[in-house]
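All values derive from a computational prediction rather than experimental measurement. Each residue takes its place number in the sequence, starting with 1.
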Amino acid sequence: MHASDPDEPIAPGSEPLPVGEDEFRLIADSAPVAVWVSRLDHRRSFVNRAYVEWLGVSYKQALDFDWREIIHPDDALRILGESIAGEASLKTFELIGRYRRGDGAWRWLHSTSQPRWDAEGRHIGFIGVAHDVTDAKEAELALRDREAQLSAFVNQSTAGFAEVDLDGRFTLVNDRFCEIAGWSREELLQRTMQSITHPDDLPRNVPMFERAVHDGTPYTHEKRYIRKDGGIVWVNNSVSVIRRPGGGPFGVLAVTLDVTQRRESEQELRRSEETLRLAVEGAGMATWELDLPAREGQWSPNRFDLLGLPRTASLRGTVEDWIARIVDEDKPIAREAVERCFAAGEPYRIEYRIRRADNGEERWLQSHGSRIDHDGGRLNRFVGVSFDITERKHAEEELRDSEARFRTIFEQANDYLITTTLDQRITSVNPAALSALGYTEAEAIGRHVSEFMDAEQYALSREALEHKIQFGGNTRVSIVVRARDGRQLVWEIDSRLMADERGKPIALNAIGRDITEAKRAEAHLRLLVDELNHRVKNSLAIVQGIAQQTFKAGADPEAARRAFEGRIAALSEAHDLLTREHWGSVSMARIIADAVAPHGGDLGRFRLDGPDLTIAPKTAISLALAIHELATNAVKHGALSQPEGRVTILWARGGSEADPQLHFEWSEAGGPPVTPPKSRGFGTRMIERGLAAELNGTVHIEFAPAGLICTLDAPLPEAAS
């Protein structure tokens, strides 16, 4: 509906109504849409019943009503400007916006006005019609909101992703974007966003892009891309700035949807509406009238087109012509409604499917019908109007399909999908998250997220939310949450704000993954590294001590080298065994056997006898080095220096259960006579001091003439069994 301007000059006199006033009034009053006729002074000379009912005032008040009073504040400036420009053009013009109905409700109206001319060709005013398109608008907005929510949860495999730098040069594109834009990835990475945007769209696009880069303001818009083959594709781009952790922008991300088909459908719908509008002097509808006794009457030309029927010369049709085009499943609904209207005068409003006569295409129609009762004995008449609502039905079906897809993904996802209000109260949660936490959906919905975590963890969550509100984008944070049974779970949560059509944040979408085991493995790895560092340091200290004692001043270099190599080999053998056992407790028998093997342990020159006790790693190294020193001394000076020499190694567990003791004895026989040395060497000192200190016991070395004897008595090591 267009706004009137009381400041324009008023032409003298009252302008006449259109030719065929009675016919026009009958048709207009039966229409379910508002129809009006205005003069040059902008006063209305006629309004129909729907017009009066919509305002909720009397007929006289409706003629004088100022429409500017009920335009929505957000639409007023635009609608008034478009109305003034449309009237000045003296051409048909359209307005779309929100108006306050008589009952106070805000409704979307799509109005069309066209100039009127008298018989001499003088401009005498306007005739207009307004459709209530609130349902279609709300369906469109609901579909947009659902698609935005779905795109936040899913990896958007059906949408194009394009990242550009702050100058608009592409830095990253996915396959779907290449498919939509019509360029290969390699080609796009050599181009800018501006180079593939249609020139007519750049004046609107570039300022929004620059404002986003400068202020971080996200935006959504529709524009055209020019494909490599010269084709044009319409896209809907949701654009946001990508920021570094410090907050500085480094790029811009666009989520791209191909809306070419929707645009073409909208264009086709506009063409269809134009035909309907011209059908009855801009009323915008396909109409038909019937003489009830004959069930035949006048059809508007576009009604034939709507049904795919050839126009007859007389432009007349019958009820059965219409019924024949309705699909079989919907015929009973239509026939019952029209027969009830004919017989009882009950108006109807029905939606049904037809199959066009020319190409068999199935279309959805909405029809309204009323019986016109005359006084004075004249026969009753019927007036009906029809609209093609196929695209609206498709939009509703797409919305249902979108919701079904979203629900399937939401219910079956292994990740944890959660939505909350901006104050972080849970509004939806998928089964995977409920199973992990141990709650039912009814128990979780409406609860605050702080109820599932400790105070410091909630502070991290709140900090991430405030960062998104301030800078946009998404955040990723690891948070410890608490399950119903008290278990603490580490979740990695990736979240993003959801905005309304004006870009205002209205909710929070979050995707979580359980990384509890990964965090435990990480902590265990750090422990192992620390333990390895400790053991390496201990080993280096042992090697350092061996080197200092072996290469002391006055020692024969060659003898010292051989002694050092032997001691390092013994240390290495002990390390090999400990490594195979993952540095846990090891067999005492195995340590002794490995230590004597290089000195003839596999030739029967040693007798080993004792229980298979287990000892700690550090004790095992000290014991291996001590046995190596005893064996080396036996080879050089003792029993093993003679072919018939033998060594016996005995160990036993003694003492009580409360105080177990270890007894170890090394005895040589068959070697040359033994005489005590004049001084203690490194090996002797290591055995007497080092091994005794390691085992917290006493070591005694006896240089008996028949052969060296070494005994050890100590508490049984805790690791022994």
Next on the checklist: Pair L465, L497 - check side chain to side chain contact (heavy atoms under 4.5 Å, CB included), show working.
Outcome noted: CA-CA 8 Å; L465 174 60; L497 293 173; 3.8 Å; yes
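- A donor-acceptor pair is defined here as one N or O able to donate and one able to accept, closer than 3.5 Å; such a pair exists between the side chain of D258 and the backbone of T260.
- With respect to the salt-bridge test (charged N to carboxylate O, under 4.0 angstrom), the residues R484 and E443 qualify.
- With rounding to the nearest 0.5 Å, the separation of OG1 in T421 from CG in L508 is 9.0 Å.
- Crowding of E451 atom CD: a count of heavy atoms from other residues, nucleotides or ligands under 6.0 Å exceeding 12.
- Look at E361 and R355 and you find no salt bridge, because none of the NZ, NE, NH1 or NH2 atoms lies under 4.0 Å from a carboxylate O.
- In this structure the side chain of V213 reaches within 4.5 angstrom of the side chain of V252, judged on heavy atoms.
- Counting only N and O atoms by type, the side chains of Q194 and T197 include no donor and acceptor under 3.5 Å apart.
- The distance from atom CZ of R204 to atom NE2 of H198, rounded to the nearest 0.5 Å, is 12.0 Å.
- Aromatic pair Y416/W491: centroids less than 6.0 angstrom apart.
- In summary, the aromatic rings of F209 and Y219 are positioned with their centroids too far apart to meet the 6.0 Å limit.
- The two residues A50 and A34 come nearest to each other via the heavy atoms CB-N, 4.0 Å.
- Between the side chain of D75 and the backbone N or O of R98, at least one donor-acceptor pair lies under 3.5 Å.
- Taking the charged nitrogens against the carboxylate oxygens, R263 and E222 do have a contact shorter than 4.0 Å, which makes a salt bridge.
- Contact detail for R243 and G216: the closest heavy-atom pair is NH2-CA, 3.3 Å.
- In this structure, the side chains of W54 and D132 come closer than 4.5 Å at one or more pairs of heavy atoms.
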Next on the checklist: Does L55 form a side chain to side chain contact (heavy atoms under 4.5 Å, CB included) with I70? I'd like the steps, not just the answer.
Outcome noted: CA-CA 10 Å; L55 286 177; I70 60 172; 4.0 Å; yes
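- A salt bridge is defined here as a Lys NZ or Arg NE, NH1 or NH2 lying under 4.0 Å from an Asp or Glu carboxylate O, and K393 with E397 fails to meet this definition.
- Atom CZ of R185 is surrounded by more than 12 heavy atoms from other residues, nucleotides or ligands within 6.0 Å.
- Between E163 and I242, the closest side-chain pair of non-hydrogen atoms falls below 4.5 Å.
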Item to check | Chi angles and distances behind the side chain to side chain contact (heavy atoms under 4.5 Å, CB included) call for L95, H110 | outcome: CA-CA 6 Å; L95 300 174; H110 179 185; over 6 Å; no
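- Between V133 and L109, the closest side-chain pair of non-hydrogen atoms is not below 4.5 Å.
- In terms of heavy atoms, E329 sits closest to P332 at O-CD, 3.7 Å.
- Contact check on R107 versus E138 returns no salt bridge, with no Lys/Arg side-chain nitrogen under 4.0 Å from an Asp/Glu carboxylate oxygen.
- Contacts classified as ring pair (Phe, Tyr, Trp, His ring centres under 6.0 Å) and involving residues 175-194 (residues at least two apart or in different chains) are given here: F170-F177, F177-Y225.
- By the 30° and 60° cut-offs, the orientation of the rings of F471 relative to H467 is tilted.
- Formation of a donor-acceptor pair under 3.5 Å by the S111 side chain with backbone atoms of V129 is not found in this model.
- The two residues L253 and F161 come nearest to each other via the heavy atoms CD1-CD2, 4.1 Å.
- Side chain of D165 to main chain of D167: a donor-acceptor pair is present (N/O by atom type, distance under 3.5 Å, no hydrogens or angles).
- Of the charged side-chain nitrogens involved, none lies within less than 4.0 Å of a carboxylate oxygen, so that R191 and E187 do not count as a salt-bridged pair.
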Item to check | salt bridge (charged side-chain N to carboxylate O under 4.0 Å, His left out) between D500 and R502, worked out | outcome: CA-CA 5 Å; D500 60 17; R502 295 181 297 276; 3.4 Å; yes
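- In this structure, NE2 on H394 lies 10.0 Å from CD on Q261, to the nearest 0.5 angstrom.
- One side chain, T390 or R363, offers a donor N or O that lies under 3.5 Å from an acceptor on the other.
- Checking H368 against Q366 by side-chain atom types alone, a donor-acceptor pair falls below 3.5 Å.
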Item to check | L188 vs I196, side chain to side chain contact (heavy atoms under 4.5 Å, CB included): CA-CA, chis, key distance, verdict | outcome: CA-CA 9 Å; L188 285 171; I196 68 169; 4.1 Å; yes
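- Salt-bridge check for D103 with R101: passed, with a basic side-chain N closer than 4.0 Å to an acidic carboxylate O.
- Using a cut-off of 4.0 Å between Lys/Arg side-chain N and Asp/Glu carboxylate O, R78 and E82 are scored as salt-bridged.
- The pair D135-R392 does not meet the salt-bridge criterion, since no charged nitrogen lies less than 4.0 angstrom from a carboxylate oxygen.
- One distance of note links CZ of R68 with CD1 of I79; it measures 13.0 Å at 0.5 Å rounding.
- Atom CD of Q267 is separated from atom CH2 of W234 by 9.5 Å, given to the nearest 0.5 angstrom.
- Residues L166 and F250 have side chains not in contact (no heavy-atom distance under 4.5 Å, counting atoms from C-beta outward).
- In the displayed structure, H214 atom NE2 is contacted under 6.0 Å by at most 12 heavy atoms of other residues, nucleotides or ligands.
- Here the side chain of S435 pairs no donor or acceptor atom with the backbone of A432 at under 3.5 angstrom.
- A 4.5 Å side-chain heavy-atom check between I180 and V233 finds at least one atom pair inside the cut-off.
- Judged purely by distance below 3.5 Å, without hydrogens or angles, the side chains of T419 and N509 never pair a donor atom with an acceptor atom.
- Between the side chains of H448 and Q424, not a single donor N or O lies within less than 3.5 Å of an accepting N or O.
- Looking only at side-chain heavy atoms (C-beta outward), V235 and K223 come within less than 4.5 Å of each other.
- Remark: L489 CG to L437 CG distance equals 7.0 Å, nearest 0.5 Å.
- Counting only heavy atoms from C-beta outward, the side chains of S495 and I511 never approach each other to under 4.5 Å.
- Judged purely by distance below 3.5 Å, without hydrogens or angles, the side chains of E492 and S478 never pair a donor atom with an acceptor atom.
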